[in-house]
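In what follows, a single structure is set out as structure tokens and then discussed.
What you see is a predicted model; the values in this text were computed from it and never measured. Numbers for residues simply follow the sequence, beginning at 1.
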Amino acid sequence: MFDPSPIHIVLLLLIVLLIFGTKRLPEMGRSLGRGIREFKGSVTGDDEPDKRPQAPPPAREPDGASDPPPAGEEVEERTPR
């Protein structure tokens, strides 16, 4: 049988990190946790939604709001009406 040693586990984690990258791993962990919770809920018959509050998605700036004006062009000042 295969007996995983700590070196095997570390090597496997490094390979997974190289394949998926640091940005994708947290997303995969969240989706895996959500899937496990949904599976447990369906097995136990718990149909109530998760009681923990959901984190809101990160706020995004409107397009062009953070871009500086191009060099050499005049910037029009806009006044609210």
Side-chain angles (χ1 to χ4, degrees):
M1 281 297 241
F2 179 72
D3 187 26
S5 69
I7 293 175
H8 289 127
I9 294 171
V10 169
L11 186 62
L12 180 66
L13 291 175
L14 284 174
I15 292 171
V16 168
L17 181 64
L18 287 174
I19 291 174
F20 293 109
T22 56
K23 292 184 181 181
R24 183 93 167 113
L25 282 179
E27 295 172 13
M28 290 173 48
R30 275 190 291 274
S31 65
L32 181 64
R34 241 181 268 133
I36 290 172
R37 275 193 303 273
E38 288 178 13
F39 178 75
K40 281 183 179 181
S42 66
V43 167
T44 60
D46 184 20
D47 291 335
E48 292 183 25
D50 202 9
K51 293 181 181 179
R52 289 187 294 168
Q54 295 289 330
R60 291 188 166 187
E61 294 182 17
D63 291 339
S66 62
D67 296 336
E73 290 187 22
E74 292 183 24
V75 178
E76 295 179 26
E77 291 194 29
R78 296 181 183 172
T79 57
R81 295 180 186 195

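Annotation: salt bridge (charged side-chain N to carboxylate O under 4.0 Å, His left out) contacts involving residues 16-25, sequence neighbours excluded, comprise R24-E27.
For the salt bridge (Lys or Arg N to Asp or Glu O under 4.0 Å) test, no residue two or more places apart in sequence or in another chain qualifies with R30.
Under the 4.5 angstrom side-chain criterion for Ile, Leu, Val, Met, Phe, Trp and Tyr, the cluster partners of L32 are I36.
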Taking only distance into account, with no hydrogens and no angle test, what donor-acceptor pairs under 3.5 Å do side-chain atoms of residues 7-16 form with protein atoms, sequence neighbours excluded?
unit_1	atom_1	unit_2	atom_2	d
H8	ND1	S5	N	3.4
H8	ND1	S5	OG	3.0

